[in-house]
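Encoded as structure tokens, the structure appears first; notes follow it.
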Amino acid sequence: MKDTEKHKGLRNQLVKVLEEKGIHDKNVLEAIRKIPRHLFLDSSFEQYAYQDKAFPIGAGQTISQPYTVAFQTQLLAIKKEDKILEIGTGSGYQTAVLCLMGAKVYSIERQNELFKKTSRFLPTLGFIPKKFIFGDGYKGLPESAPFDSIIVTAGAPFIPQALLAQLKVGGRLVIPLGEKEQIMTMLTRKNETQFEKQEFGEFRFVPLLENKN
């Protein structure tokens with residue numbers, strides 16, 4: 001598949017939809033405008049790629065709807081060179097958005113099938129995370145901590161303490177909390193022991209899987 005003028009026009013329309021839904025971070029909108037989302041989907045879904053919907057990507061996982069990607073990214077308030085830990089690489093679309101915005105991305109994927117596929121695919125588009133790991137997102141990546149921000153792209157039944165411990169003071173953890181439906185939650189580290197918690201309404205995600213081995 002190629003990225004055509006038609007695709008670019010559809011992305012411009014998608015950006016207008018996101019603006020109407022309240023996404024205002026210009027850098028986030030520009031990333032959505034530039035990244036060819038149709039290339040992250042099975043070719044049978046290509047005609048739907050620029051609708052504001054989630055789609056299956058294999059291994060029981062989905063590519064999040066563009067609004068969700070944009071909303072989570074906007075909450076991170078990314079600056080260039082920010083060191084960001086992403087829990088749940090999935091298709092790599094969210095990873096690409098973070099990379100395009102100038103972040104140094106460390107991404108963990110639990111599903112080996114997706115890990116192999118995405119680790120081969122992302123570099124073909126010029127998006128190369130600082131580190132790409134097959135592993136347990138609940139544990140984070142202590143050897144590369146601390147992080148400016150941590151984004152979790154799957155529903156978590158609780159807040160993994162390991163992730164809080166890996167945040168810099170002033171850093172943000174954006175995580176969808178809940179079993180069947182999730183509340184988008186942001187925790188900002190105030191000091192070594194205190195976190196400020198904010199909630200931003202209901203979203204739907206596939207569950208965050210723990211490594212059972």
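Hydrogens, waters and symmetry mates play no part in the numbers below; they use all other heavy atoms, side chains included.
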Looking at side-chain heavy atoms only, is the closest gap between [X] and [Y] below 4.5 Å?
{"X": "Phe40", "Y": "Ile57", "value": "no"}
{"X": "Met186", "Y": "Val174", "value": "yes"}
{"X": "Leu100", "Y": "Phe127", "value": "yes"}
{"X": "Asp3", "Y": "His38", "value": "yes"}

Got a salt bridge between [X] and [Y], using NZ or NE/NH1/NH2 to carboxylate O under 4.0 Å?
{"X": "Lys79", "Y": "Asp148", "answer": "no"}
{"X": "Glu143", "Y": "Lys131", "answer": "no"}
{"X": "Glu5", "Y": "Lys8", "answer": "yes"}

Flag, side chain of Arg37 to backbone of Ala49, donor-acceptor distance under 3.5 Å: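 It does hold such a pair.
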Please state whether the rings of Phe147 and Tyr106 are parallel, tilted or perpendicular, taking 30° and 60° as the class boundaries.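 Ring orientation of Phe147 relative to Tyr106: perpendicular.
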Just to verify, what does Gln194 make a side-chain contact (heavy atoms from CB on, under 4.5 Å) with, not counting sequence neighbours?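 side-chain contact (heavy atoms from CB on, under 4.5 Å) check on Gln194 returns Lys190, Asn191.
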What distance do Leu85 atom CG and Ser144 atom OG have between them, rounded to the nearest 0.5 Å?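 Between atom CG of Leu85 and atom OG of Ser144 there are 8.5 Å.
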Can you check whether Phe71 and Phe203 have ring centres sitting under 6.0 Å from each other?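 Aromatic pair counts; centres sit under 6.0 Å.
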May I ask you to check whether Thr95 and Glu86 show a side-chain donor-acceptor distance below 3.5 Å?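 Result is yes, a qualifying pair exists.
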Determine whether the side chains of Thr73 and Gln94 contain a donor N or O and an acceptor N or O closer than 3.5 Å.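 Checked: Thr73/Gln94 side chains pair up, N/O donor to acceptor below 3.5 Å.
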